[in-house]
Peer 1: 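My structure is below; once you've seen it, I'll send some questions.
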Amino acid sequence: RHGKGVYMYTNGNVYDGEWSEGRKHGLGTFRYPDGSFFEGCYLRDKRHGEGKMTFGEGGFFEGAWVQGRPEGYGKEVRADGTVYHEGAWAAGVPERDPEAQAQAFKAKKSAEAAAARAKRGLALDCC
């Protein structure tokens with residue numbers, strides 16, 4: 001697989017997006033049978049870059065991903081609307097260090113600027 005396409009896995013998962021050398025690579029959406037889905041960037045089959053994971057029950061995580069896990073700035077909101085954590089994440093867990101929090105918010109501003117450029121028609125650099 002190379003280019004853009006849809007792949008239906010035997011377990012009911014579906015990926016619709018960009019491929020490179022048989023791996024998810026670039027922008028894509030991955031859907032699970034329970035209604036959960038991830039929309040965002042992939043690098044060599046792993047979530048990497050900006051993306052949003054929406055959980056089947058209605059909560060979500062939106063932010064930066066590195067090698068398949070939340071890393072950098074991100075926000076997780078529970079299904080009832082309460083914010084679980086907004087700020088820095090490291091290796092998939094919330095980071096509590098104030099310096100890491102400051103760096104994460106700086107990275108958020110940079111990501112917002114990139115999103116604004118993308119809305120003006122400039123390419124989103126996923127990988």
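Note that the coordinates shown come from a computational prediction; the quantities given were computed from them, not determined experimentally.
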Peer 1: When you measure from the side chain of H25 to the backbone of R44, do you find a donor-acceptor pair of N or O atoms at a distance under 3.5 Å?
Peer 2: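 Confirmed, H25 side chain pairs with R44 backbone.
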Peer 1: Compare every heavy atom of H85 with every heavy atom of W89, then report the nearest pair and how far apart it is.
Peer 2: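 That closest heavy-atom pairing would be NE1-CD2, 3.3 Å.
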Peer 1: Could you walk me through whether E86 and Y73 satisfy the side chain to side chain contact (heavy atoms under 4.5 Å, CB included) test, starting with their C-alpha distance in whole Å, then the side-chain angles of each, then the deciding distance to 0.1 Å, before giving a yes or no?
Peer 2: CA-CA 8 Å; E86 180 174 10; Y73 177 83; 2.4 Å; yes
Peer 1: Looking at K4 and D16, is any side-chain nitrogen of the basic one under 4.0 Å from a carboxylate oxygen of the acidic one?
Peer 2: yes
Peer 1: Please list, chain by chain and in numerical order, all residues satisfying salt bridge (Lys or Arg N to Asp or Glu O under 4.0 Å) with R78, sequence neighbours excluded.
Peer 2: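 Per chain and number, R78 pairs via salt bridge (Lys or Arg N to Asp or Glu O under 4.0 Å) with E76.
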Peer 1: Write down the atom of K46, the atom of G68, and the distance for their closest heavy-atom approach.
Peer 2: CB-N, 3.9 Å
Peer 1: What are the two closest heavy atoms between G49 and C41, and how far apart are they?
Peer 2: CA-CB, 4.3 Å
Peer 1: Measuring from atom CD of E21 to atom CG of D45, what distance do you get when rounded to the nearest 0.5 angstrom?
Peer 2: 11.5 Å
Peer 1: Can you list the residues that meet the side-chain contact (heavy atoms from CB on, under 4.5 Å) rule with N13, with sequence neighbours excluded?
Peer 2: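 For N13 the side-chain contact (heavy atoms from CB on, under 4.5 Å) partners, ignoring immediate neighbours, are Y9, N11, F30, Y32, P33.
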Peer 1: Can you list the residues that meet the salt bridge (Lys or Arg N to Asp or Glu O under 4.0 Å) rule with E39, with sequence neighbours excluded?
Peer 2: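 Checked E39 against salt bridge (Lys or Arg N to Asp or Glu O under 4.0 Å); zero matches.
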Peer 1: Could you list who else is in V93's hydrophobic cluster, with ILVMFWY side chains joined at under 4.5 Å, directly or through other members?
Peer 2: none
Peer 1: Is the W19 ring parallel, tilted or perpendicular to the Y7 ring (thresholds 30°, 60°)?
Peer 2: perpendicular
Peer 1: For P70 and F61, work out which heavy atoms get closest and say how close.
Peer 2: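 Of all heavy-atom pairs spanning P70 and F61, the closest is CB-CZ, 3.4 Å.
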Peer 1: Applying side chain to side chain donor-acceptor pair (under 3.5 Å), which residue pairs with at least one partner in residues 59-71 are found, sequence neighbours left out?
Peer 2: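 Sorted pair list comes back empty.
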Peer 1: For the residue pair G56 and S36, what are the closest heavy atoms and their distance?
Peer 2: N-OG, 2.9 Å
Peer 1: Does H2 have any side-chain hydrogen bond (donor to acceptor under 3.5 Å, both in side chains) partners at least two apart in sequence or in another chain, and if so, which?
Peer 2: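 Partners of H2 under the side-chain hydrogen bond (donor to acceptor under 3.5 Å, both in side chains) test: none.
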Peer 1: Report yes if the side chains of V77 and T82 come closer than 4.5 Å at any heavy-atom pair, otherwise no.
Peer 2: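 They are not in contact (no side-chain heavy atoms under 4.5 Å apart), so the answer is no.
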Peer 1: How close do G26 and Y15 get, counting heavy atoms only, and between which atoms?
Peer 2: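 Here G26 and Y15 meet closest at O-OH, 4.5 Å.
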Peer 1: Rounded to the nearest 0.5 Å, what separation is found between the OG1 atom of T29 and the NZ atom of K24?
Peer 2: 12.0 Å
Peer 1: Would R23 count as a cation-pi partner of Y42, with NZ or CZ less than 6.0 Å from the six-membered ring centre and within 45° of the ring normal?
Peer 2: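 Judged by the rule (NZ or CZ under 6.0 Å from the ring centre, within 45° of its axis), R23 is not positioned above Y42.
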Peer 1: Under the side chain to side chain contact (heavy atoms under 4.5 Å, CB included) criterion, do F60 and M53 qualify, and how do the steps go?
Peer 2: CA-CA 5 Å; F60 67 88; M53 178 70 195; over 6 Å; no
